[in-house]
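The next block holds one structure in the form of structure tokens; read it before the comments.
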Amino acid sequence: MKLYCSRNPNPRLAVAVARHLDCPVEFEFAAPFAQGQAERFSKLNPNLSIPILEEAGGTLWEADAIACRLSRAMGSDFWRVGDDEPDMIRWISWGKANFVHACDMVHFERGTKQRYGIGPIDPDETAEGLDMFHRSALILDALLASREWLTGGAPSYADFRMATFLPYNDIARLPLDGFEAVTRWYARLDALPAWRQPFDGLPIPELPPVPV
């Protein structure tokens, strides 16, 4: 299997999953939107987005689907398959519509747009993202006050997905300090080597810096 990736949030998520599961995956840097790359990558993913998992039977794109495939390939319950599966899917779904979406909105304005010269920070979009972050972080904090992980007694893909944008918080500057349970949860997650340093030893270029 080959995983096309970069250091951007969703590809980073897929790489972290693969390394957490110790999958025998070949990692290859990809920039489908770079000049001259569209024709090659459109055959792998018509959306021209990464991550993309390539194997003998074809390709699979979208980080959630790739996480499911890799977990099954390794016979792991990281992607829950028993009674915890509905709860895991609940948090993946809720996160992408709420907490993760809020993080994405703020990171896009303060990070992505500045990193790639897309345009100035939109204060209205940033404020909307911060408001959504506050509301959803309250819900997440209340849940995590009584448990270590989102579902079950060990990390699952729900934890990885919920934290997609938190490794970039030096740029996004989301106000995590007011949410003690979320902060403790993320510290536990960041103690996992595959999450903390998913690109360790891999020849994947650094992201362009965000101008000061």
Side-chain angles (χ1 to χ4, degrees), residues 1-34 36-89 91-93 95-96 100 104 148-168 185-208:
M1 293 187 286
K2 179 184 290 187
L3 184 63
Y4 295 95
C5 59
S6 72
R7 291 180 185 253
N8 288 294
N10 281 308
R12 181 195 188 280
L13 172 63
V15 173
V17 170
R19 302 206 83 177
H20 180 69
L21 295 172
D22 198 22
C23 293
V25 171
E26 176 187 354
F27 300 94
E28 181 174 320
F29 171 70
F33 290 99
Q37 295 297 305
E39 182 177 357
R40 176 193 177 194
F41 283 99
S42 64
K43 298 173 184 176
L44 302 176
N45 179 2
N47 300 293
L48 291 180
S49 61
I50 51 176
I52 303 169
L53 182 68
E54 184 178 31
E55 50 186 329
T59 62
L60 188 65
W61 31 272
E62 293 297 318
D64 296 351
I66 290 170
C68 179
R69 173 72 185 101
L70 294 179
S71 188
R72 291 189 179 188
M74 299 304 293
S76 171
D77 71 344
F78 181 69
W79 182 282
R80 301 290 195 256
V81 295
D83 291 343
D84 286 339
E85 185 176 26
D87 193 41
M88 181 197 70
I89 292 173
W91 289 113
I92 293 171
S93 177
K96 290 181 72 175
V100 179
D104 189 4
E148 291 192 347
W149 305 105
L150 288 174
T151 183
S156 75
Y157 180 65
D159 298 288
F160 275 40
R161 170 45 89 184
M162 193 72 73
T164 301
F165 289 90
L166 297 185
Y168 307 86
W185 161 77
Y186 189 68
R188 288 189 289 273
L189 191 60
D190 203 43
L192 302 175
W195 180 262
R196 185 176 65 254
Q197 296 179 316
F199 298 103
D200 189 31
L202 299 181
I204 307 298
E206 297 286 345
L207 293 173

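The main-chain N or O of Arg7 is never found under 3.5 Å from a side-chain atom of Arg12 such that the two would form a donor-acceptor pair. Between the side chain of Thr59 and the backbone N or O of Leu44, at least one donor-acceptor pair lies under 3.5 Å. Here the side chain of Arg19 pairs a donor or acceptor atom with the backbone of Pro198 at under 3.5 angstrom. Not one N or O on the side chain of Ser6 forms a donor-acceptor pair closer than 3.5 Å with the backbone of Ala30. In this structure, the side chain of Arg80 does not engage the main chain of Gly152 through any donor-acceptor pair within 3.5 Å. Counting only distance, with no hydrogens or angles, the side chain of Ser93 and the backbone of Ile89 share no donor-acceptor pair below 3.5 Å.
Among residues two or more places apart in sequence or in another chain, the salt bridge (charged side-chain N to carboxylate O under 4.0 Å, His left out) test is passed with Asp87 by Arg90, Arg147. Residues satisfying the ring-ring contact (aromatic ring centres under 6.0 Å, His included) test with Trp61, not counting sequence neighbours, are none.
Note: Arg69 CZ to Leu53 CG = 7.0 Å, rounded to the nearest 0.5 Å. Within the model, atoms CZ of Phe78 and OG of Ser71 stand 7.0 Å from one another, a figure rounded to the nearest 0.5 Å. Between the CZ atom of Phe33 and the CD1 atom of Ile50 there is a distance of 9.0 Å, given to the nearest 0.5 Å. Atom CG in Asn8 sits 5.0 Å away from atom CG in Leu207 (nearest 0.5 Å). To the nearest 0.5 Å, the span separating CD1 on Ile66 from OH on Tyr4 amounts to 11.5 Å.
Looking at heavy atoms from C-beta onward, Ile204 lies in side-chain contact with Cys5 at the 4.5 angstrom threshold. The side-chain heavy atoms of Phe160 and Leu189, taken from C-beta on, include a pair separated by under 4.5 Å.
Smallest separation of non-hydrogen atoms from Cys23 and Met74: SG-CG, 3.3 Å. For Ala18 against Leu3, the heavy-atom pair with the smallest separation is CB-CD2, 4.5 Å.
No more than 12 heavy atoms of other residues, nucleotides or ligands sit less than 6.0 Å from atom CZ of Arg72.
Residue pairs meeting the salt bridge (charged side-chain N to carboxylate O under 4.0 Å, His left out) criterion with at least one member in residues 38-48, sequence neighbours excluded, are Glu28-Arg40.
Between Trp195 and Tyr186, the ring planes are perpendicular. Angles over 60° get that label, and only those under 30° would be called parallel.
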